[in-house]
Trainee: 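Below you will find the structure I want to go over with you.
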Amino acid sequence: VPGLQAWLAELKLPKYFEKALEWCDDQGAVSVEECIENGDDFADSLQLKVLERKRFDKSASDAWDAVSAKLQECHHPVQPPAAA
């Protein structure tokens, strides 16, 4: 699942990567967006602690927005304007 590890790191939940990957495999999820759309089931399967769950519920979408922006920059770096 592209970006999954970076997204979990952005949420300060990197230790759940293996469980998250297992959930994606079991559910046939191929994107972080699917993890977010099924957030309750996804978070329940990770067995997050109370504060981790609050962070996930509050920040999952924003964290993905931040990660996808970074990933897009890596693939399409902004070019400085050409000198005239």
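What you see below is based on every heavy atom in this structure, not just the backbone, and it leaves out hydrogens, waters and symmetry mates. Everything numeric in this text was worked out from a predicted model, so none of it was measured.
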Trainee: Students often mix this up, so state it plainly: with edges at 30° and 60°, are the rings of Trp7 and Phe42 parallel, tilted or perpendicular?
Mentor: tilted
Trainee: Any idea which heavy atoms bring Cys35 and Cys24 closest together, and the distance?
Mentor: SG-SG, 3.5 Å
Trainee: To the nearest 0.5 Å, what is the distance between CG (Asp65) and CD1 (Ile36)?
Mentor: 7.5 Å
Trainee: For the salt bridge (charged side-chain N to carboxylate O under 4.0 Å, His left out) test, which of Lys15, Lys12, Lys58 pairs with Glu52?
Mentor: Lys15
Trainee: Indicate the atoms forming the closest heavy-atom contact of Val32 with Gly3, along with that distance.
Mentor: CG2-C, 3.9 Å
Trainee: When you look at CD of Gln5, are more than 12 heavy atoms from neighbouring residues, nucleotides or ligands closer to it than 6.0 Å?
Mentor: no
Trainee: Which pair of heavy atoms, one from Phe56 and one from Gly39, lies closest together, and at what distance?
Mentor: CE2-O, 3.6 Å
Trainee: Taking all non-hydrogen atoms of both residues into account, name the closest pair between Ala20 and Leu8 and its distance.
Mentor: CB-CD1, 3.7 Å
Trainee: Taking side-chain hydrogen bond (donor to acceptor under 3.5 Å, both in side chains) as the cut-off, I'd like each qualifying pair that reaches into residues 35-51, sequence neighbours left out, listed once.
Mentor: Lys19-Gln47, Trp23-Asp41, Asp40-Arg53, Asp44-Arg53
Trainee: Without swapping roles, check the side chain of Glu22 against the backbone of Glu18 for a donor-acceptor pair under 3.5 Å.
Mentor: no
Trainee: May I ask you to test the Leu13-Arg55 pair for a side-chain heavy-atom distance under 4.5 Å?
Mentor: yes
Trainee: Within the 4.5 Å heavy-atom criterion, are Val30 and Val1 side-chain neighbours or not?
Mentor: no
Trainee: Look up atom NZ in Lys70 and atom CD in Glu10, then write down how far apart they are to the nearest 0.5 Å.
Mentor: 4.0 Å
Trainee: Return yes if some donor-acceptor pair links the side-chain N/O of Ser31 with the main-chain N/O of Glu34 below 3.5 Å, else return no.
Mentor: yes
